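Presented below is the structure to which this report refers.
For clarity, every value in this text was computed on a predicted model and none was experimentally measured. In what follows, every chain begins at residue 1, and chains take the letters A, B, ... in the order their sequences are listed. The figures that follow rest on heavy atoms only: side chains count, while hydrogens, waters and symmetry mates do not.
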Protein chains: 2
Amino acid sequence: MSGSGPEETPGAEPAELGFRPLYRQVRDALIRRIVDGAWLPGQPLPSEMQLAADLGVSQGTVRKALDAMASENLVVRRQGRGTYVARHDDERVLFQFFKLVPDEGERSFPQSQVLSCIAAPASAAEAELLRLKPATRIIRIFRIRSIEGRPVVAETLSLPEALFPGLSDMELPNNLYGLYAMSFGLSVASTTEKLKAVSATSEDASALQVAPGTALLEIDRVAFSLDQTPIEWRVSLCLTETMHYETHLG
Amino acid sequence: MSGSGPEETPGAEPAELGFRPLYRQVRDALIRRIVDGAWLPGQPLPSEMQLAADLGVSQGTVRKALDAMASENLVVRRQGRGTYVARHDDERVLFQFFKLVPDEGERSFPQSQVLSCIAAPASAAEAELLRLKPATRIIRIFRIRSIEGRPVVAETLSLPEALFPGLSDMELPNNLYGLYAMSFGLSVASTTEKLKAVSATSEDASALQVAPGTALLEIDRVAFSLDQTPIEWRVSLCLTETMHYETHLG
DNA sequence: AAGTGGTCTAGACCACCGA
DNA sequence: CGGTGGTCTAGACCACTTT
């Protein structure tokens with residue numbers, strides 16, 4: 001190749017509307033392969049030189065694509081060893097998506113007790129947020145999450161049943177995102193969260209063993225997979241008397 | 001230059017302990033110049049070729065440094081025009097640091113009413129969070145922020161007086177970060193936030209014109225300048241009945 | 001037309017890792 | 001030792017913006 005553009009490979013499409021840089025196309029192609037399960041979480045990708053040869057681009061372009069994916073936490077690069085598909089193990093989720101930390105002391109992952117797990121037609125809100133046709137079947141989970149035996153989060157989750165066949169019959173672990181990845185090939189890549197302060201209703205209060213009217217932090221989260229499909233909606237009601245939600249901006 | 005390393009420029013230091021990549025050094029040098037006011041917010045930096053010549057590195061290295069700074073929101077790159085020092089105008093702060101948005105409707109920036117602005121010795125908490133010696137003088141501001149005439153945030157701010165000489169005598173605008181940058185040469189580059197749900201005390205309640213015990217979102221934020229010095233601590237008590245705090249992860 | 005940043009390529013040397 | 005990613009350079013062509 002002499003110099004540029006999404007061109008020059010014999011037989012390539014002649015640069016139509018909506019250009020996308022080559023490295024962007026490489027990134028998307030690699031993501032597609034990961035989504036399709038060509039490389040599993042924790043496994044190494046081929047080397048940059050390999051991928052460059054496979055895809056017919058230069059090593060530098062592959063590198064830029066992998067750097068972008070690394071900054072999105074989709075892969076992990078380790079000097080001298082290789083580039084690995086990111087794992088959704090506890091360690092990772094703990095830092096990336098679980099923002100509740102104790103006011104003092106180490107952060108720890110809560111134990112979860114599932115109180116119910118049933119399939120039902122989606123409510124209007126569920127259908128909208130998960131981009132499903134009205135009344136599509138969803139799985140609804142309610143659980144209590146505790147730290148050191150103390151209930152701190154009451155959580156309601158909604159998932160499209162079609163994406164998680166058989167989930168309602170499974171034993172549910174503390175870290176659901178790990179299960180999604182391991183058993184259903186769905187990795188949570190990003191989330192949107194809306195936070196509010198609310199007063200505990202009597203149901204909330206009894207679930208968390210506090211007085212009704214106690215101030216709770218409500219986290220309303222939609223989780224998206226690698227290809228931006230919404231795959232989970234969860235509303236978490238959190239006791240923040242000894243914990244807080246921590247975030248860094250900029 | 002033939003190929004690599006923080007070397008080869010005649011007279012350069014002979015690669016000691018704690019290497020830092022050249023592009024990192026270029027980034028830091030450019031940040032220092034911005035901090036020192038060589039280029040003001042909104043102004044264009046010299047072109048990549050210019051900077052490369054000035055600094056004695058290749059254009060590619062300058063580019064990597066500028067790309068890093070762009071991803072940190074320190075500069076803005078505009079194809080065909082140039083690279084500009086980021087501005088801390090309302091537009092920018094609105095999206096980067098102001099995360100409260102209405103449940104429905106457009107996001108808007110609140111009007112602020114300053115109720116008090118006094119200098120005093122730092123409390124223990126202020127001294128610790130702002131990394132000051134005990135009892136260093138600080139400026140303490142209390143203000144109410146309203147949207148469409150409705151009070152929605154009660155906010156207490158603490159700033160080191162040494163960094164903001166004369167601020168307590170100034171007219172304070174709605175967007176303080178713009179003032180910090182414009183009048184004191186201090187840009188807020190990053191923040192750390194801790195969120196909790198709390199019940200309104202009687203003082204909070206009267207300030208926000210709600211019933212005591214109303215659930216409020218407490219945002220405890222420390223803001224850092226370009227060189228990671230803490231320059232502001234603010235605690236915001238937010239009414240989240242018609243608004244929410246929005247964040248995207250991953 | 002000239003100048004800017006955006007992309008792509010190619011080749012070099014380095015630090016790190018595992019056999 | 002050979003292979004990997006990390007960095008640096010140099011030069012090319014592109015799209016965009018302004019003159």
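Within the cation-pi definition used here (under 6.0 Å to the ring centroid, within 45° of the axis), B:Arg78 qualifies as a partner of B:Tyr84. Geometric assessment of B:Arg63 against the ring of B:Tyr23 yields a negative cation-pi assignment under the 6.0 Å and 45° thresholds.
Spacing between atom CD of B:Glu48 and atom P of D:dG11 amounts to 16 Å, rounded to whole angstrom units. The nearest whole Å value for the distance from the NZ atom in A:Lys64 to the P atom in C:dG6 is 8 Å. For the pair B:Gln50 CD and C:dT4 C1', the computed distance is 12 Å after rounding to whole Å. Atoms OH (A:Tyr84) and P (D:dG3) sit 16 Å apart, rounded to a whole Å. Rounded to an integer number of Å, the gap from CG of B:Asp67 to P of C:dG6 is 7 Å. For A:Met49 and C:dA12, the CE to P distance is 12 Å, given to the nearest whole Å.
Residue-to-nucleotide proximity on DNA chain C shows that, of A:Gly80 and A:Tyr23, the 5′-proximal contact is made by A:Tyr23. Both B:Gln59 and B:Val62 lie near DNA chain D, and the one whose nearest nucleotide falls closer to the 5' end is B:Val62.
A:Cys238 is listed as a side-chain neighbour of A:Leu100, based on a closest heavy-atom distance under 4.5 Å.
Among the nucleotides D:dT18, C:dT7, C:dT9, the one closest to any side-chain atom of A:Val57 is C:dT9. Looking at the side chain of A:Thr61, the nearest of the listed nucleotides C:dT9, D:dT7, D:dT9 is C:dT9. Residue B:Arg81 has its side chain nearest to D:dT17 when only D:dT17, C:dA10, C:dG6 are considered. Listed candidates were D:dG5, D:dA15, D:dT7. Nearest to the side chain of B:Pro21 is D:dT7.
Among the protein residues, B:Gln79 comes within range of the nucleic acid bases, having at least one heavy atom under 4.0 Å from a base atom.
In this model, the phosphate group of C:dC17 is not approached by any side-chain N or O of A:Arg78 to a distance below 4.0 Å at OP1 or OP2. Taking 4.0 angstrom as the limit, A:Ser47 places none of its side-chain polar atoms (N or O) nearer than this to OP1 or OP2 of D:dG3. Phosphate contact (OP1/OP2 of D:dG6, side-chain N/O of A:Arg77, threshold under 4.0 Å): present. Applying the 4.0 Å criterion to OP1 and OP2 of D:dG5, one finds that A:Thr83 has a side-chain N or O inside that range.
Put simply, the side chain of B:Arg63 and the base of D:dT9 share no donor and acceptor less than 3.5 Å apart.
The local environment of CD in A:Glu128 is sparse, with at most 12 non-hydrogen atoms from other residues, nucleotides or ligands closer than 6.0 Å.
With sequence neighbours excluded, no residue forms a salt bridge (Lys or Arg N to Asp or Glu O under 4.0 Å) with A:Asp54.
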